[in-house]
Enquirer: 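Just dropping this structure here.
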Protein chains: 2
Amino acid sequence: MSFSITDPSPRLTVDIVIFCLRKGELQTLLVKRGIEPFRDCWALPGGFVLYNESPDAAAQRELAEEAGIMHVYLEQLYTFGAPERDPRGHVVTVAYYALIPSADIYLQAGSDAIDAAWHNVQAPPPLAFDHAHILQYAVQRLRYKLEYTAAGFHLLPDEFTLSELQTAYEIVLNEKLDKRNFRRKLAESGVLVSTDRYRGGSEGRPALLYRYREDADPEVKARRLFP
Amino acid sequence: MSFSITDPSPRLTVDIVIFCLRKGELQTLLVKRGIEPFRDCWALPGGFVLYNESPDAAAQRELAEEAGIMHVYLEQLYTFGAPERDPRGHVVTVAYYALIPSADIYLQAGSDAIDAAWHNVQAPPPLAFDHAHILQYAVQRLRYKLEYTAAGFHLLPDEFTLSELQTAYEIVLNEKLDKRNFRRKLAESGVLVSTDRYRGGSEGRPALLYRYREDADPEVKARRLFP
DNA sequence: ACAAAAGTGTTGAGAGTACACCCATGC
DNA sequence: GCATGGGTGTACTCTCAACACTTTTGT
């Protein structure tokens with residue numbers, strides 16, 4: 001898959017930073033490239049945008065193809081297009097980030113990836129192209145997103161406890177939060193609804209399970225919702 | 001300038017929402033298209049991204065070519081790429097917005113524009129493609145930007161009075177601000193520095209001129225800096 | 001002296017922050 | 001009964017928002 005240096009227009013790809021909470025860390029799915037350039041180097045999952053396919057659709061397709069992931073939170077991040085970012089020629093990429101609940105993980109080695117694995121976003125391996133920069137940018141955006149809105153649910157299963165949600169925020173923001181203040185803010189925002197079920201099984205008192213209110217305003221425009 | 005429907009990859013353009021304060025309104029520069037489709041329809045200035053040209057560079061080039069504007073505040077907005085947005089075929093566009101001081105205006109009819117004019121962003125004429133949507137999105141982003149950061153200077157000349165700056169914010173945010181609160185916030189943010197010059201000429205007491213501190217942190221990340 | 005715009009502090013309300021104990025369950 | 005995590009309320013601080021008068025200039 002190469003193309004001429006005399007192409008009249010840059011080619012277009014999507015790259016996706018897939019965030020997931022695993023082992024108490026914020027991790028991202030990386031694929032090991034099976035082709036040049038950067039063979040055997042880790043990279044963000046992604047691929048070319050097909051003709052008559054929107055970048056959003058391309059991102060969703062790559063999510064499904066490379067990781068078997070469907071129906072997750074997906075948001076456009078930024079478009080990176082420096083001519084020298086791909087040694088094969090000028091390739092502009094629309095970067096996305098996705099939030100997936102810890103349960104939805106099905107690793108699949110796709111066509112041009114020989115391996116796929118989760119990596120801590122704090123200490124990723126060397127990455128192909130400008131993907132290290134994209135990853136760093138995505139982490140920053142995710143933090144902003146959680147500071148200003150109530151979108152952390154998407155990193156958890158449908159039903160979750162408030163402690164699990166708080167832990168999710170603490171991992172992403174990399175800072176300890178106050179339990180009572182966290183719960184008050186959350187209650188005031190009105191984006192959660194409690195179920196009548198409890199999570200037992202572990203030690204201690206069982207915790208009430210909550211779920212996201214589908215009819216809630218997704219953009220809770222409070223000032224810094226969770227510091 | 002047409003291309004085959006069998007092109008393997010979407011084509012790439014940039015479109016720019018150029019904001020300027022004129023006649024007490026927030027206005028944007030629109031060009032009247034001289035070619036099909038949407039001949040004689042107003043559109044955002046923009047054009048194709050050349051091979052080995054970054055979208056940022058393409059946006060700067062279009063700013064220079066279509067409006068003679070250089071060295072202004074320019075920020076990427078979002079990438080729009082629905083296959084049906086251009087009847088000629090699949091064209092993905094990276095949208096930008098620019099803030100220009102009222103002085104820097106040199107209208108130039110470019111190659112495929114037969115006319116160019118400023119229009120109030122609140123009541124634009126019918127626009128080609130999805131440009132009405134892009135414009136609306138840009139206005140929203142500009143408002144967020146001014147609410148959370150101190151970037152309103154870029155709509156004013158190098159030296160300006162605090163009243164002029166407040167008026168700029170009031171026009172963009174479409175809401176009246178309190179003079180003392182506005183000035184206090186501004187002083188606390190530390191992004192301005194006073195000159196020793198005054199603006200006289202008009203009626204009333206002359207106003208001290210300020211300028212933007214080049215060494216200031218451009219992203220004043222306060223909570224809602226200017227409500 | 002008066003019209004017109006510039007400039008300047010204080011107070012009350014609300015949000016943010018810090019903080020400690022009782023509760024329900026499993027072993 | 002004890003260890004473990006779940007769940008709850010209050011006091012203080014600080015930021016935000018509302019508000020009116022004096023100053024400087026031109027006519």
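We use all heavy atoms of the structure for the numbers below, so side chains are in, but hydrogens, waters and symmetry mates are not. All of these numbers come straight from a predicted model, not from anything done at the bench. Here is how names work: the chains are called A, B, and so on, in the same order as the sequence lines, proteins then strands, and each is numbered from 1.
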Enquirer: Let me know the distance between CZ of A/Phe182 and P of D/dG5, rounded to the nearest Å.
Expert: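 In whole Å, D/dG5 P lies 18 Å from A/Phe182 CZ.
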
Enquirer: Expressed as a whole number of angstroms, how long is the span from A/Arg199:CZ to C/dG26:C1'?
Expert: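 The distance from CZ of A/Arg199 to C1' of C/dG26 comes to 17 Å, rounded to the nearest Å.
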
Enquirer: For B/Thr161 and for A/Gly201, find the nucleotide of DNA chain C with the closest heavy atom, then tell me which residue's nucleotide is more 5'.
Expert: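 It is B/Thr161 whose nearest nucleotide is closer to the 5' end.
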
Enquirer: Between A/Ser163 and D/dG5, does any side-chain N or O lie under 4.0 Å from OP1 or OP2?
Expert: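 A/Ser163 to D/dG5 OP1/OP2: no side-chain N or O under 4.0 Å.
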
Enquirer: Where each residue is assigned the nucleotide of DNA chain D containing its nearest heavy atom, which of A/Ala207 and A/Arg184 is assigned the position nearer the 5′ end?
Expert: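 The residue whose closest nucleotide sits nearer the 5' end is A/Ala207.
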
Enquirer: In whole angstrom, what separates B/Lys179's NZ from D/dC16's P?
Expert: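 In whole Å, D/dC16 P and B/Lys179 NZ are 21 Å from each other.
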
Enquirer: In Å, rounded to the nearest 0.5 Å, how long is the span from CG of B/Asn120 to CD of B/Glu25?
Expert: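 Result: 4.0 Å between the selected atoms.
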
Enquirer: Aromatic ring centroids of A/Phe160 and A/Tyr210 under 6.0 Å?
Expert: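 Distance test on ring centres: not under 6.0 Å, no.
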
Enquirer: Checking contacts here: which listed nucleotide (C/dC23, C/dT17, D/dC19) is nearest the side-chain heavy atoms of A/Asn181?
Expert: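 Looking only at side-chain atoms, A/Asn181 lies closest to C/dT17.
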
Enquirer: Scan for salt bridge (Lys or Arg N to Asp or Glu O under 4.0 Å) pairs involving residues 118-135 of chain A, sequence neighbours excluded, and state none if there are none.
Expert: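 Every pair satisfying salt bridge (Lys or Arg N to Asp or Glu O under 4.0 Å) with a residue in residues 118-135 of chain A: A/Arg85-A/Asp130.
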
Enquirer: Heavy atoms under 4.0 Å, any strand shown: does A/Leu208 hit a base, just sugar-phosphate, or nothing?
Expert: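 Here A/Leu208 touches the backbone only, sparing every base.
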
Enquirer: Can you tell whether the side chains of A/Glu159 and A/Arg199 come within less than 4.0 Å, N to carboxylate O?
Expert: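 No.
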
Enquirer: Working to the nearest 0.5 Å, report the span between CG of B/Leu135 and OH of B/Tyr97.
Expert: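 Going from the CG atom of B/Leu135 to the OH atom of B/Tyr97 covers 13.5 Å.
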
Enquirer: B/Glu188 has an atom CD; how far is it from atom P of D/dC14, in whole Å?
Expert: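 Checked: the CD to P distance equals 14 Å.
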
Enquirer: When you get a sec, tell me which of C/dA6, C/dG16, C/dC19 is the closest nucleotide to the side chain of A/Lys185?
Expert: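 Of C/dA6, C/dG16, C/dC19, C/dG16 is nearest to the side chain of A/Lys185.
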
Enquirer: For D/dG7, does either OP1 or OP2 sit under 4.0 Å from a side-chain N or O belonging to A/Arg183?
Expert: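 Yes, because at least one side-chain N or O of A/Arg183 sits under 4.0 Å from OP1 or OP2 of D/dG7.
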
Enquirer: Nearest-Å distance, CG (A/Asp178) to P (D/dT8)?
Expert: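 Going from A/Asp178 (CG) to D/dT8 (P), I get 14 Å.
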
Enquirer: So if I take every side-chain heavy atom of A/Pro206 and compare against D/dG6, C/dG7, C/dT25, which nucleotide ends up nearest?
Expert: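 Side chain of A/Pro206 sits closest to C/dT25.
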
Enquirer: Map B/Glu203 and B/Tyr210 onto DNA chain C by nearest heavy atom, then report which one ends up closer to the 5' terminus.
Expert: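 Nearer the 5' end of the strand: B/Glu203.
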
Enquirer: Measure CG/B/Leu177 against P/C/dG7 and give the value in whole Å, please.
Expert: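 Computing the B/Leu177:CG to C/dG7:P distance gives 17 Å.
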
Enquirer: Whole angstrom is fine here: how far is it from CD in A/Gln166 over to P in D/dG7?
Expert: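 To the nearest whole Å, that distance equals 11 Å.
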
Enquirer: Side chain of A/Arg180 only, please: which of D/dT8, D/dT23, D/dC19 is the nearest?
Expert: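 For the A/Arg180 side chain, the nearest candidate turns out to be D/dT8.
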
Enquirer: Just how far, in rounded Å, is P of D/dT24 from CZ of B/Arg205?
Expert: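 Between P of D/dT24 and CZ of B/Arg205: 6 Å.
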
